[in-house]
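In what follows, residues are counted from 1 in the order of the sequence shown.
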Amino acid sequence: MGKKLRALGVVLPQFHPIPENDEWWGKGFTEWTNVAKATPRFRGHYQPHIPADLGFYDLRLEEARIAQAELAKQYGIYGFCYYHYWFHGKQLLERPVNEIVASGKPDFPFCLCWANEPWGRNWDGSNNKIIQAQEYSKSDHLKHISYLLDIFKDKRYIKVKGRPLFIIYKVKAIPDVKDMVEIWNAEAKNVGFENGLYVLSTTSHGFNDDPTPLGFDASWDFLPYIFSYETNFNFRVIRKIHKLLGLKDRLNLYGNAVDRILQESQNLKCWKEYPCVCPGWDNSPRRKTDAIILHGSTPELYEKWLANTCDKFEPFSEEENFVFLNAMNEWAEGNHLEPDLKWGLKYLEATKRILEMYK
């Protein structure tokens, strides 16, 4: 009997208007605003990405959330990892998950990733002005975990040996993060989670250390390092093209990235780290300048990467068998498995072909 893997698709909830975004970006702003206004920056640049089967959905609608989950389930994805936004007691974009918990629909496994960085205006390339600050305190850690525990009790919430799976995006930003994890584990045990939480860090924003001394159980290779412009392989040709095109953006080729990743060995770290595969990356719809563009993604290249990742990854236990798909719907970052007008269902079909071998 072969190994079994569970694929978790990352979901961005910013596809519905909120008062804060109305104030900061204009009335009715959602992620679709950025998607729809995108234009190509050079010949052959694939923009805009226009949604197909699910359309320009609104995640305030239960039917939209159900359709999103049913599509993922149909193509072999085990569950969703929703971004969670908590700013010292203030929440943003919380409505979809709160309504999923309240309604019991969709009947689809899910977990949360705390995107714990401040919000700034750098998205539109204008400046780095902070529009929603992030702060930390012991009193807020208690308030935060109290809110989370109600969600963790949901029968659909993903657990590892009874421990709710929770991910923290930017570990280095949290002062005394070890103390916070200890507080959270104690509170979890007080309400019946006997072994506490199962907490992951992400390998991102300069954090590539063993998180276990900080109380974490494992990490998630959020964006494989190959997506960084500052890598150690030959960019001579790409940089020449980049210069000729007059681009200020950081340009790489998706195929080059995949080839380099396939040369690397997995599971070499001295701690548990879960792998991640991305269908693409192009955040030019969000940024007037300094976008990161991985050019030339295709379903075939993505399938090659996913196949290699699943083949190499050895689960740490029967329940520690996650492969992250980043992302389902990062439409304004050119990074989505949900179907668009160009590729249709091909990325999801490739996902299903590979994941069926590890059911």
Side-chain angles (χ1 to χ4, degrees), residues 3-13 69 72-73 76-86 94 96-98 100-101 106-116 141 144-171 174 177-178 180-204 207 210-212 214-222 267 269 271-277 309 313-328 355 358:
K3 64 186 177 187
K4 295 183 179 182
L5 302 178
R6 291 187 287 177
L8 301 183
V10 179
V11 177
L12 178 72
K73 186 187 299 184
I77 295 167
Y78 173 79
F80 283 159
C81 175
Y82 291 101
Y83 283 123
H84 162 67
Y85 300 91
W86 177 280
E94 74 279 8
V97 169
N98 283 351
I100 287 168
V101 173
D107 185 13
F108 194 60
F110 71 96
C111 66
L112 299 180
C113 173
W114 182 18
N116 63 312
H141 295 332
H144 193 182
I145 191 60
S146 177
Y147 166 79
L148 290 171
L149 286 170
D150 286 337
I151 297 176
F152 294 164
K153 293 172 186 175
D154 192 291
K155 66 179 182 180
R156 295 163 296 173
Y157 198 88
I158 298 169
K159 300 174 179 71
V160 175
K161 300 176 183 177
R163 303 165 64 196
L165 169 64
F166 188 73
I167 302 155
I168 298 176
Y169 179 58
K170 209 167 183 180
V171 172
I174 304 175
V177 65
K178 183 178 181 180
M180 185 194 75
V181 175
E182 288 177 354
I183 290 169
W184 284 11
N185 276 322
E187 293 298 308
K189 290 173 184 178
N190 285 340
V191 299
F193 295 110
E194 296 180 1
N195 296 311
L197 308 179
Y198 190 86
V199 188
L200 303 188
S201 67
T202 63
T203 300
S204 64
F207 186 79
D210 181 356
T212 56
L214 299 176
F216 290 76
D217 294 275
S219 62
W220 154 28
D221 191 12
F222 176 77
N267 291 358
K269 291 183 176 176
W271 67 90
K272 298 173 182 177
E273 181 166 82
Y274 294 101
C276 177
V277 175
T309 298
F313 174 55
E314 293 299 329
F316 308 113
S317 73
E318 187 175 330
E319 295 187 31
E320 295 173 295
N321 60 347
F322 304 114
V323 173
F324 286 87
L325 305 176
N326 182 22
M328 294 300 302
L355 295 180
Y358 302 97

A.B. asks: Residues two or more places apart in sequence or in another chain: which of them pass side-chain contact (heavy atoms from CB on, under 4.5 Å) with P109?
C.D. replies: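 Partners of P109 under the side-chain contact (heavy atoms from CB on, under 4.5 Å) test: Y78, I158.
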
A.B. asks: Just verifying a value: how many Å separate L325 CG and I77 CD1, rounded to the nearest 0.5 Å?
C.D. replies: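 If we round to the nearest 0.5 Å, L325:CG and I77:CD1 are 5.5 Å apart.
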
A.B. asks: Where do L197 and R163 come nearest, in terms of heavy atoms and distance?
C.D. replies: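 In terms of heavy atoms, the two residues are closest at O-NH2, 2.6 Å.
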
A.B. asks: What closest approach, in Å, do E314 and K3 show between heavy atoms, and which atom pair accounts for it?
C.D. replies: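 Looking at all heavy atoms of both residues, the closest pair is OE2-NZ, 3.5 Å.
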
A.B. asks: Going by the rule side-chain contact (heavy atoms from CB on, under 4.5 Å), which residues pair with V101 if we only count those two or more places apart in sequence or in a different chain?
C.D. replies: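 Here the qualifying residues are V97, F110, I151, D154.
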
A.B. asks: Would you please name every residue forming a salt bridge (charged side-chain N to carboxylate O under 4.0 Å, His left out) with R6, sequence neighbours left out?
C.D. replies: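 Once residues adjacent in sequence are excluded, R6 has no partner under the salt bridge (charged side-chain N to carboxylate O under 4.0 Å, His left out) criterion.
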
A.B. asks: Distance check, rounded to the nearest 0.5 Å: T212 atom OG1 versus K178 atom NZ?
C.D. replies: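 One gets 10.0 Å once the value is rounded to the nearest 0.5 Å.
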
A.B. asks: Find the distance between CD1 (I168) and CG (N116) and round it off to the nearest 0.5 Å.
C.D. replies: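 It comes to 6.5 Å.
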
A.B. asks: So, does R156 use its side chain to make a donor-acceptor pair with the main chain of P106 at under 3.5 Å?
C.D. replies: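 Yes, the answer is positive, given that a donor and an acceptor are paired below the 3.5 Å cut-off.
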
A.B. asks: Would you say the side chain of L165 lies within less than 4.5 Å of the side chain of L8, judging by non-hydrogen atoms?
C.D. replies: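 They are in contact (side-chain heavy atoms under 4.5 Å apart), so the answer is yes.
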
A.B. asks: Check the pair V160 / F322 against side chain to side chain contact (heavy atoms under 4.5 Å, CB included), numbers first and verdict last.
C.D. replies: CA-CA 10 Å; V160 175; F322 304 114; 3.7 Å; yes

A.B. asks: Over all heavy atoms of both residues, which pair between W184 and H144 is shortest? Give the atoms and the distance, please.
C.D. replies: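 It is CZ2-ND1, 3.5 Å.
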
A.B. asks: Please examine the side chains of Y358 and N321, heavy atoms only from C-beta on, and report whether any two atoms are closer than 4.5 Å.
C.D. replies: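 Not touching, per the 4.5 Å side-chain cut-off.
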
A.B. asks: Hey, mind stepping through F80 and Y83 against ring pair (Phe, Tyr, Trp, His ring centres under 6.0 Å) and telling me if it holds?
C.D. replies: CA-CA 10 Å; F80 283 159; Y83 283 123; over 10 Å; no

A.B. asks: Taking only residues two or more places apart in sequence, or in another chain, which ones meet E320 in a side-chain hydrogen bond (donor to acceptor under 3.5 Å, both in side chains)?
C.D. replies: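 Listed in chain order: Y198, K272, S317.
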
A.B. asks: Minimum heavy-atom separation for L112 to C81, with atom names?
C.D. replies: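 Looks like C-SG, 4.3 Å.
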
A.B. asks: For residues 183-194, which residue pairs pass the salt bridge (charged side-chain N to carboxylate O under 4.0 Å, His left out) check, not counting sequence neighbours?
C.D. replies: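 Every candidate salt bridge (charged side-chain N to carboxylate O under 4.0 Å, His left out) pair involving residues 183-194 fails, so no pair, neighbours aside, qualifies.
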
A.B. asks: Do I167 and Y274 touch side chain to side chain, with heavy atoms closer than 4.5 Å?
C.D. replies: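 Counting from C-beta outward, I167 and Y274 never come under 4.5 Å.
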
A.B. asks: Taking only residues two or more places apart in sequence or in another chain, which ones pass side-chain contact (heavy atoms from CB on, under 4.5 Å) with S146?
C.D. replies: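 Partners of S146 under the side-chain contact (heavy atoms from CB on, under 4.5 Å) test: none.
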
A.B. asks: So, using side-chain hydrogen bond (donor to acceptor under 3.5 Å, both in side chains) as the criterion, who are the partners of N185 when residues are at least two apart?
C.D. replies: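 side-chain hydrogen bond (donor to acceptor under 3.5 Å, both in side chains) list for N185, sorted by chain: empty.
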
A.B. asks: Measure from the ring center of W271 to the ring center of F216 and say whether it is less than 6.0 Å.
C.D. replies: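 Judged by ring-centre distance (under 6.0 Å), W271 and F216 do not meet the cut-off.
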
A.B. asks: Considering all heavy atoms of both residues, which atom of E273 and which atom of S219 are nearest to each other, and what is their separation?
C.D. replies: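 Between these two residues, the closest heavy atoms are OE2-OG, 2.8 Å.
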
A.B. asks: Are Y147 and N98 close enough, and set up right, to give a side chain to side chain contact (heavy atoms under 4.5 Å, CB included), and what steps lead you there?
C.D. replies: CA-CA 11 Å; Y147 166 79; N98 283 351; 2.6 Å; yes

A.B. asks: Take M180 and I183 through the side chain to side chain contact (heavy atoms under 4.5 Å, CB included) test and state the conclusion after the steps.
C.D. replies: CA-CA 5 Å; M180 185 194 75; I183 290 169; 5.6 Å; no

A.B. asks: Given Y169, which of W220, W86, W114, F222 fulfils the ring pair (Phe, Tyr, Trp, His ring centres under 6.0 Å) condition?
C.D. replies: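 One option only clears the test, and that one is F222.
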
A.B. asks: By side-chain hydrogen bond (donor to acceptor under 3.5 Å, both in side chains), which residues pair with D150, not counting sequence neighbours?
C.D. replies: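 For D150, no residue satisfies side-chain hydrogen bond (donor to acceptor under 3.5 Å, both in side chains) once neighbours in sequence are set aside.
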
A.B. asks: List for me each residue that meets side-chain contact (heavy atoms from CB on, under 4.5 Å) alongside A327, sequence neighbours excluded, and say none if there are none.
C.D. replies: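 Here the qualifying residues are V10, E330, N335.
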
A.B. asks: Is the Y85 to Y82 ring centre distance short of 6.0 Å?
C.D. replies: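 No, too far apart.
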
A.B. asks: What is the distance from atom CZ of F152 to atom SG of C111, rounded to the nearest 0.5 Å?
C.D. replies: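 It is 9.5 Å, given to the nearest 0.5 Å.
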
A.B. asks: In chain order, what residues pass the ring pair (Phe, Tyr, Trp, His ring centres under 6.0 Å) check against F193, with sequence neighbours excluded?
C.D. replies: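 For F193 there are no ring pair (Phe, Tyr, Trp, His ring centres under 6.0 Å) partners, ignoring immediate neighbours.
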
A.B. asks: Please name all residues satisfying salt bridge (charged side-chain N to carboxylate O under 4.0 Å, His left out) with K170, sequence neighbours left out, ordered by chain then number.
C.D. replies: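 So K170 forms a salt bridge (charged side-chain N to carboxylate O under 4.0 Å, His left out) with E117.
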
A.B. asks: First locate atom OH of Y157, then atom CG of L149, and finally report the distance between them rounded to the nearest 0.5 Å.
C.D. replies: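 The CG atom of L149 is 10.0 Å from OH of Y157, to the nearest 0.5 Å.
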
A.B. asks: Who are the side-chain hydrogen bond (donor to acceptor under 3.5 Å, both in side chains) partners of D107, not counting sequence neighbours?
C.D. replies: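 Once residues adjacent in sequence are excluded, D107 has no partner under the side-chain hydrogen bond (donor to acceptor under 3.5 Å, both in side chains) criterion.
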
